[in-house]
Engineer: 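One structure follows; several queries about it will come next.
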Amino acid sequence: MYSVPKLEDYSPASLDKAAAELLSALEAESQAAADAKAFEEFRNRWMARKNGILSQINDMWLKPAPGPSKRDVGQRVNALKTAAEERINAAQSRAAGSANDAKLKAETVDISLPGILRPLGVKHPVLRVLDELIDVFVKMGYSVAEGPEVETDYYNFEALNFPPNHPARDTQDTLFISGQEKRAQRDRLLLRTHTSPVQIRSMERLKPPVRVICPGKVFRNDAPDATHSPMFHQIEGLCVDTNITFGDLKGTLEHAMHSLFGSSVKTSFRPSFFPFTEPSVEVSISCPFCGGKGCRPCKQSGWIELLGAGMVDPNVFGFVNYDAQKLSGFAFGMGVERLAMMKYDVDDIQQFFYGDMRFLEQFA
Ligand code: FA5
């Protein structure tokens with residue numbers, strides 16, 4: 001590395017030689033100072049007040065020069081200082097440029113790279129079936145009504161004509177809210193076991209004729225298995241008017257099942273019992289997988305039971321001050337998960353609640 005020599009000879013020729021050596025060292029070091037750190041070192045080595053090369057030539061060349069040579073040495077030292085400043089400025093812009101280049105390079109966006117694919121969310125299969133059914137009934141002139149998931153005993157049981165000791169009121173089926181003992185039986189809170197309370201709430205709110213569907217979550221103290229879940233969805237239907245007959249119920253449910261499963265499915269109505277409908281029925285559809293021949297989903301019977309329904313019991317009209325002499329109506333309640341299981345050939349109801357992406361992605 002260059003170091004400033006002591007001058008023995010102050011003749012113009014040897015002054016020029018010493019100046020030329022210094023210039024070429026300056027040039028080489030300036031070129032080598034490629035980044036900010038190297039530039040800093042380079043500048044300090046040449047410009048530092050104490051012991052920088054430019055100070056050294058002042059002290060070692062100019063100060064000791066004999067009187068007659070002072071002018072020659074001074075001119076060269078000044079020229080060298082000017083040259084050094086130029087090289088330092090040039091090196092500074094090169095170093096800044098390289099820092100800028102590095103910054104730009106780091107920030108470069110490669111627009112030829114494929115983008116990050118963000119998976120789009122889709123409707124959950126249960127909500128899909130729910131919305132599809134709502135659509136079918138809205139087209140038939142029904143409106144949508146909702147009710148609370150935490151219900152009173154009155155709406156969930158009493159106004160629906162459940163006698164005081166009906167087994168459905170038992171803690172075996174119903175999830176009661178604790179600490180309700182001080183309240184009257186009818187005001188005690190529970191998680192609704194079906195969407196039927198919304199029938200009562202709707203009739204309290206509306207004058208007949210009434211056509212409502214009531215979708216929502218319901219809760220039962222059922223142990224989870226392939227067809228039971230402690231939380232599931234129901235969609236309730238209620239139609240009240242003058243001259244509503246069982247034929248209207250059959251026609252309405254047949255139309256809904258055809259819309260959901262295709263026009264080739266058949267419906268079957270078998271007698272059943274619900275306290276709030278009389279007569280009551282269990283409705284099954286012919287198995288959409290085997291067409292009624294018998295297969296695994298329909299347990300070889302050719303039929304799949306989907307919902308409960310019936311004609312509104314006149315006692316229920318009594319609770320909402322509807323005139324049971326003039327009015328008649330039908331109601332039904334479907335388990336939405338069970339419908340979704342049929343529609344999408346899902347053999348375990350729990351799949352709807354695991355949140356397993358491998359299952360859910362099939363509906364994307
Ligand atoms: C009822 O809940 C009546 N409220 C239905 C009704 C409404 C009848 C209006 C008459 C008039 P049920 O307990 O059968 O009925 O339940 C209705 C449907 O809910 C069943 O057909 C089934 O599809 C579904 N379901 C019942 N329990 C469960 C469960 N633990 N998990 C998933 N789905 C269930």
Side-chain angles (χ1 to χ4, degrees), residues 125-126 129-130 133 137 142 145 147 151 155-157 159-162 166-170 172-175 190-203 210-240 244 246 248-250 252-253 256-257 260 267-285 297-298 303-313 315-317 328-343 346-353:
V126 170
V129 170
L130 197 70
L133 265 171
F137 282 99
Y142 283 67
E151 223 359 317
Y155 285 107
N156 198 75
F157 294 128
L160 286 163
N161 204 30
F162 278 83
H166 192 282
R169 289 184 171 210
D170 195 351
Q172 296 266 310
D173 291 320
T174 306
L175 295 159
L190 47 86
L191 297 184
R192 67 178 178 192
T193 55
H194 51 177
T195 41
S196 301
V198 193
Q199 285 188 34
I200 306 298
R201 289 181 176 278
S202 301
M203 286 190 281
V210 172
R211 279 175 183 74
V212 285
I213 42 163
C214 326
K217 286 194 184 78
V218 302
F219 309 85
R220 288 186 193 179
N221 192 14
D222 281 343
D225 64 20
T227 52
H228 291 84
S229 162
M231 185 287 293
F232 60 101
H233 294 77
Q234 283 190 344
I235 186 160
E236 189 85 8
L238 172 70
C239 169
V240 180
I244 297 291
F246 195 86
D248 296 316
L249 168 64
K250 273 190 87 170
T252 304
L253 288 178
M257 292 304 115
L260 207 60
T267 48
S268 133
F269 293 72
R270 283 181 300 119
S272 180
F273 174 77
F274 296 102
F276 41 96
T277 46
E278 182 60 34
S280 302
V281 283
E282 290 280 2
V283 183
S284 304
I285 57 165
C298 66
W303 293 94
I304 290 167
E305 195 181 294
L306 283 185
L307 60 111
M311 302 305 291
V312 179
D313 192 304
N315 283 350
V316 172
F317 285 145
S328 57
F330 64 75
F332 57 83
M334 316 179 181
V336 183
E337 281 78 3
R338 298 266 178 92
L339 290 170
M341 286 171 81
M342 285 303 114
K343 194 162 166 68
V346 174
D347 61 5
D348 183 357
I349 197 171
Q350 304 304 326
Q351 290 285 1
F352 292 127
F353 309 115

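Quick note: numbers below take in every heavy atom, side chains included, and nothing from hydrogens, waters or symmetry partners. Read the numbers this way: they start at 1 and go in the same order the structure lists the ligands and their atoms.
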Engineer: Are the aromatic rings of H194 and F276 close, with centres under 6.0 Å apart?
Structural biologist: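 Here the rings of F276 and H194 have centres that are less than 6.0 Å from each other.
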Engineer: Side-chain contact test, heavy atoms from C-beta onward, threshold under 4.5 Å: evaluate it for T193 versus F219 and give yes or no.
Structural biologist: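 A side-chain contact under 4.5 Å is absent here.
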Engineer: Would you say that M231 contacts V218 through its side chain, given a criterion of any heavy-atom pair below 4.5 Å between the two side chains?
Structural biologist: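 The answer is no, as the side chains (C-beta and beyond) never meet within the 4.5 Å cut-off.
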Engineer: How far apart are the closest heavy atoms of F269 and V281, and which atoms are they?
Structural biologist: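 That closest heavy-atom pairing would be CD2-CG2, 4.0 Å.
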Engineer: Which atom pair, heavy atoms only, marks the closest approach of A145 to S202?
Structural biologist: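 Looks like CB-OG, 3.7 Å.
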Engineer: Please report which non-hydrogen protein atom sits nearest to atom 33 (N) of ligand 1, along with the residue it belongs to and the distance in Å to one decimal place.
Structural biologist: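 The closest one turns out to be F232 CD1, 3.4 Å.
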Engineer: Where on Q234 is there a heavy atom closer than 4.0 Å to ligand 1, on the side chain, on the backbone, on both, or on neither?
Structural biologist: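 Side chain only.
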Engineer: Please determine if R201 forms a cation-pi arrangement with Y155, meaning its NZ or CZ atom is less than 6.0 Å from the six-membered ring centre and no more than 45° off the ring axis.
Structural biologist: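 That pair qualifies as a cation-pi contact.
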Engineer: Tell me if a side-chain donor or acceptor on S280 pairs with a main-chain N or O of F274 at a distance below 3.5 Å.
Structural biologist: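 Such a contact is found between S280 side chain and F274 backbone.
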Engineer: Between ligand 1 and T277, is the shortest N or O to N or O distance under 3.5 Å?
Structural biologist: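 Between T277 and ligand 1 (N or O atoms, distance only) the closest approach is not under 3.5 Å.
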Engineer: Any side-chain donor-acceptor pair under 3.5 Å between E236 and S196?
Structural biologist: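 E236 vs S196: donor-acceptor pair found between side chains.
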Engineer: Tell me: protein heavy atom nearest atom 18 (C) of ligand 1, and distance?
Structural biologist: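 Of the protein heavy atoms, G335 N, 3.7 Å lies nearest.
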Engineer: What protein heavy atom sits nearest atom 23 (O) of ligand 1, and how far off is it?
Structural biologist: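 Ranking protein heavy atoms by distance from atom 23 (O) of ligand 1, first comes R338 CG, 3.3 Å.
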Engineer: Give a yes/no on ligand 1: does E337 have at least one heavy atom closer than 4.0 angstrom to it?
Structural biologist: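 Under 4.0 Å: no for E337.
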Engineer: Do me a favour and list the nearest non-hydrogen protein atom to atom 15 (O) of ligand 1 with residue, atom name and distance?
Structural biologist: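 Nearest protein contact, heavy atoms only, for atom 15 (O) of ligand 1 is F274 CE2, 3.4 Å.
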Engineer: Pick whichever of F276, F330, F352 has a heavy atom sitting closest to atom 3 (C) of ligand 1.
Structural biologist: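 Considering heavy atoms of F276, F330, F352, the nearest to atom 3 (C) of ligand 1 sits in F276.
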Engineer: Is the backbone N or O of T227 less than 3.5 Å from a side-chain atom of R338, with the two atoms forming a donor-acceptor pair by type?
Structural biologist: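 Answer holds: yes.
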Engineer: Looking at ligand 1, does A309 have a heavy atom less than 4.0 Å from it?
Structural biologist: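 Yes.
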Engineer: When you measure from the heavy atoms of Q199 to every atom of ligand 1, does any distance fall below 4.0 Å?
Structural biologist: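 Per 4.0 Å heavy-atom rule, Q199 contacts ligand 1.
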Engineer: What protein heavy atom is closest to atom 12 (P) of ligand 1, reported as residue, atom name and distance in Å?
Structural biologist: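 Here the nearest protein heavy atom works out to R220 NH2, 3.9 Å.
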Engineer: Hydrogens and angles aside, do T174 and N221 bring a side-chain donor and acceptor to less than 3.5 Å of each other?
Structural biologist: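 Judged by distance alone, the side chains do not pair up.
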Engineer: Assess T193 for proximity to ligand 1: is some non-hydrogen atom of it under 4.0 Å away?
Structural biologist: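 No heavy atom of T193 comes that close to ligand 1.
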Engineer: If you measure from each non-hydrogen atom of L307 to ligand 1, which part falls under 4.0 Å: side chain, backbone, both or neither?
Structural biologist: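 Only the backbone of L307 comes within reach of ligand 1.
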Engineer: Tell me the closest heavy-atom pair linking M203 and V240, and the distance in Å.
Structural biologist: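 Closest pair (atom of M203, atom of V240, distance): SD-CG2, 4.1 Å.
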Engineer: Do I200 and L160 have side chains that get closer than 4.5 Å, going by heavy atoms?
Structural biologist: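 Yes, side chains in contact.
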Engineer: What protein heavy atom lies closest to atom 21 (O) of ligand 1? Include the residue and the distance to one decimal.
Structural biologist: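 Here the nearest protein heavy atom works out to L306 O, 3.3 Å.
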Engineer: Who gets closest to atom 31 (N) of ligand 1 by heavy atom: P197, S229, S284, A331?
Structural biologist: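 Comparing heavy atoms across P197, S229, S284, A331, the nearest one to atom 31 (N) of ligand 1 lies in S229.
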Engineer: Looking only at heavy atoms, is any part of T227 under 4.0 Å from ligand 1, and if so is it the side chain, the backbone, or both, or is it neither?
Structural biologist: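 Within the 4.0 Å criterion, T227 contacts ligand 1 through backbone atoms alone.
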Engineer: To the nearest 0.1 Å, how far is atom 5 (C) of ligand 1 from its closest protein heavy atom, and which atom is that?
Structural biologist: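 Looking only at protein heavy atoms, the one closest to atom 5 (C) of ligand 1 is G333 CA, 3.9 Å.
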Engineer: Which of the atoms of ligand 1 are close to E236, meaning less than 4.0 Å from one of its heavy atoms?
Structural biologist: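 Matching atoms, with element in brackets: 7 (C), 9 (C).
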Engineer: Looking only at protein heavy atoms, which one is nearest to atom 30 (N) of ligand 1, and what is the separation?
Structural biologist: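 Answer, as residue, atom name and distance: D222 OD2, 2.7 Å.
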